[in-house]
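Residue numbers start from 1 in every chain, and the chains themselves are labelled A, B, ... in the order their sequence lines are given, proteins ahead of strands. Keep in mind that what you see is a predicted model, and the values were worked out from it rather than measured.
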There are 2 protein chains.
Amino acid sequence: MATAHRPKDPQRREKIIAATLDVIAEHGIAGTTHRRIAAAAEVPLGSMTYYFSGMEELLTEAFMLMATTVSRRYMEIMDAATTREEAREAVVEVITGDIWETPRTLTLSYELYAFSVKNERVREVIRHWMSQSRVAIGRHFDPMTTYALDAAVEGLTIHRSFQPEITRETVREIVDRLTREDEPPARL
Amino acid sequence: MATAHRPKDPQRREKIIAATLDVIAEHGIAGTTHRRIAAAAEVPLGSMTYYFSGMEELLTEAFMLMATTVSRRYMEIMDAATTREEAREAVVEVITGDIWETPRTLTLSYELYAFSVKNERVREVIRHWMSQSRVAIGRHFDPMTTYALDAAVEGLTIHRSFQPEITRETVREIVDRLTREDEPPARL
DNA sequence: CCGGTAAGTGTACAAGCGTACACCTCCGGG
DNA sequence: CCCGGAGGTGTACGCTTGTACACTTACCGG
């Protein structure tokens with residue numbers, strides 16, 4: 001029969017994908033190897049080719065997981081805001097909060113962007129992520145403000161990681177300024 | 001004597017550095033090897049270890065060249081503006097103009113950021129680049145506007161590369177909006 | 001004209017890589 | 001009880017990599 005004998009472990013695959021992100025974060029794509037991932041995931045080397053057709057698939061799936069996870073967190077923060085003032089604070093939180101505080105996520109973002117240059121599927125995921133972000137912001141602000149805020153989130157997050165002298169207060173002031181003359185959307 | 005016999009070729013070294021950027025742009029850091037660079041630069045493999053202590057040095061020098069070059073171009077565009085309106089247009093030009101139009105520079109930027117995570121010297125170069133950018137923008141706008149514009153340049157450049165529907169006109173509108181209530185600095 | 005020496009290179013090697021696949025394990029049906 | 005076959009893995013292979021270093025080249029002082 002086609003029934004599985006030993007219950008094939010569906011967690012094995014996801015464990016490997018998660019481990020891949022760890023390895024990328026620590027060594028960069030350039031230093032990411034099947035062996036290192038296998039060690040990090042605590043699975044035998046043979047599992048790598050059993051579950052994945054090759055490096056490309058491994059990286060693609062890992063980055064898809066990462067994008068989805070961060071995007072979801074981003075949406076949660078934005079959607080939790082109900083008033084205009086909360087929305088402003090939410091944007092500040094997205095820029096300065098714990099999503100990015102760990103260098104890990106930011107490091108992964110750089111590698112993600114670099115990898116996307118050579119991988120259409122990942123590019124598609126990024127486009128979707130960006131669209132979602134604009135939808136989330138757009139629930140609180142008018143379209144032009146939304147574009148500006150969205151770009152500011154990207155730019156400030158990156159710049160702050162290199163120049164910590166850009167404080168949360170400065171970010172707050174910039175967000176206030178960007179949203180000062182905004183026409184709120186008709187419905188919440 | 002200590003005089004050089006055959007005039008040692010100082011261009012060889014720079015040629016290799018330039019070729020390194022070409023290889024990174026085409027294959028990513030992960031696909032960058034001594035052999036590929038040697039082929040691109042049309043120099044023998046032995047030259048690689050003769051002029052550079054290893055991959056790290058090669059990449060570091062290449063990224064330093066790139067950052068310096070792009071930063072200089074950026075400054076030129078900003079400094080050419082003399083009126084407030086020209087300054088606005090200059091910012092739009094930096095975001096949508098030919099610095100970034102070629103995917104090459106943007107691709108290299110992603111790789112640059114990724115590499116900087118593991119290289120303090122490159123991180124320092126990026127910090128300097130960012131400071132310079134803010135000085136260039138700061139000549140035309142007040143400090144808070146400068147922060148906002150600087151972040152917008154980073155964010156919009158990246159987002160536009162994934163979402164071409166963000167037109168030059170949209171960028172123009174965002175820049176106008178960011179600079180509308182700005183207090184110009186005392187002296188031009 | 002001819003050594004000596006600095007400049008530069010071809011080649012070889014060990015390490016580490018991705019990947020394939022022969023093999024083992026173990027359960028469910030008969 | 002045993003056997004067929006699916007699930008999973010250890011190992012080995014061919015290849016590419018970074019790097020060192022013995023060597024060749026060609027000039028310049030004498």
Side-chain angles (χ1 to χ4, degrees), chain A residues 1-63 111 114-115 118-119 121-122, chain B residues 1-63 111 114-115 118-119 121-122:
Chain A
M1 268 298 154
T3 56
H5 296 289
R6 174 112 60 90
K8 90 169 185 180
D9 187 1
Q11 308 199 303
R12 185 72 109 226
R13 198 164 194 280
E14 311 208 348
K15 199 175 166 191
I16 292 172
I17 294 172
T20 303
L21 285 178
D22 291 341
V23 174
I24 296 171
E26 192 175 346
H27 301 280
I29 292 180
T32 298
T33 67
H34 281 139
R35 278 160 236 260
R36 272 211 250 254
I37 296 168
E42 297 179 294
V43 301
L45 179 60
S47 291
M48 293 295 123
T49 44
Y50 183 75
Y51 289 105
F52 301 91
S53 68
M55 252 299 175
E56 178 96 5
E57 186 181 340
L58 215 29
L59 294 174
T60 304
E61 299 244 13
F63 281 126
E111 297 285 350
F115 183 68
K118 296 194 288 182
N119 188 290
R121 206 146 132 248
V122 166
Chain B
M1 270 297 151
T3 55
H5 297 286
R6 173 113 61 89
K8 90 170 186 181
D9 188 1
Q11 308 198 305
R12 185 73 107 227
R13 197 163 196 281
E14 311 207 349
K15 199 176 167 191
I16 292 172
I17 294 172
T20 303
L21 284 178
D22 292 340
V23 174
I24 296 170
E26 192 175 344
H27 301 281
I29 293 180
T32 297
T33 67
H34 281 140
R35 277 160 239 261
R36 270 211 252 254
I37 296 167
E42 296 179 292
V43 300
L45 179 60
S47 291
M48 293 296 121
T49 44
Y50 183 74
Y51 288 105
F52 302 90
S53 69
M55 252 299 174
E56 179 96 4
E57 185 181 341
L58 216 30
L59 293 173
T60 304
E61 300 244 13
F63 281 126
E111 298 284 350
F115 183 69
K118 295 194 286 183
N119 187 291
R121 205 146 133 249
V122 166

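Annotation: side chain of I37(B) is in contact with side chain of T32(B) (closest heavy-atom distance under 4.5 Å).
Rounded to an integer number of Å, the gap from E57(B) CD to dG18(D) P is 15 Å. For the pair H34(A) NE2 and dG18(C) C1', the interatomic distance rounds to 6 Å; values are reported in whole Å. The CG-C1' distance, from L58(B) to dT19(D), rounds to 13 Å in whole Å. Spacing between atom OH of Y50(A) and atom P of dC23(C) amounts to 19 Å, rounded to whole angstrom units. Here dA7(C) presents its P atom at 10 Å from OH of Y51(B), a figure rounded to the nearest Å. Here the C1' atom of nucleotide dA20(C) and the CZ atom of F52(A) are 18 Å apart, to the nearest Å. In this structure, I37(B) atom CD1 and dT16(D) atom P are separated by 18 Å, rounded to whole Å. If you take CZ of R36(A) and C1' of dA15(C), they are 13 Å apart, rounded to a whole angstrom.
Atoms CD1 and NE2, from I24(A) and H27(A) in turn, are 11.0 Å apart once rounded to the nearest 0.5 Å.
Here the side chain of L45(A) is nearest to one of dT19(C), dA20(D), dT9(D), namely dT19(C). Which of dA20(D), dG18(D), dT9(C) sits closest to the side chain of T33(B) comes down to dG18(D). Comparing dT19(C), dT9(D), dC21(D) by their closest approach to the side chain of T49(A) singles out dT19(C).
Evaluation of atom-type donor-acceptor distances gives a pair under 3.5 Å for the side chain of R35(A) against the base of dG18(C).
The pair E57(B)-R13(B) meets the salt-bridge criterion, since a charged nitrogen lies less than 4.0 angstrom from a carboxylate oxygen.
Of all the heavy atoms in G28(B) and E111(B), the pair that sits closest is CA-OE2, 3.3 Å.
Contacts of R12(B) with the nucleic acid, taken as non-hydrogen atoms under 4.0 Å apart, involve only primed sugar atoms and P, OP1 or OP2. As judged by a 4.0 angstrom heavy-atom cut-off over every strand, M48(A) is placed among residues making no nucleic acid contact.
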Take T60(B) and F115(B), measure what side-chain contact (heavy atoms from CB on, under 4.5 Å) needs, and give me the verdict at the end. CA-CA 9 Å; T60(B) 304; F115(B) 183 69; 3.9 Å; yes
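Under 4.0 angstrom from either OP1 or OP2 of dT9(D) there lies at least one side-chain N or O belonging to S47(A).
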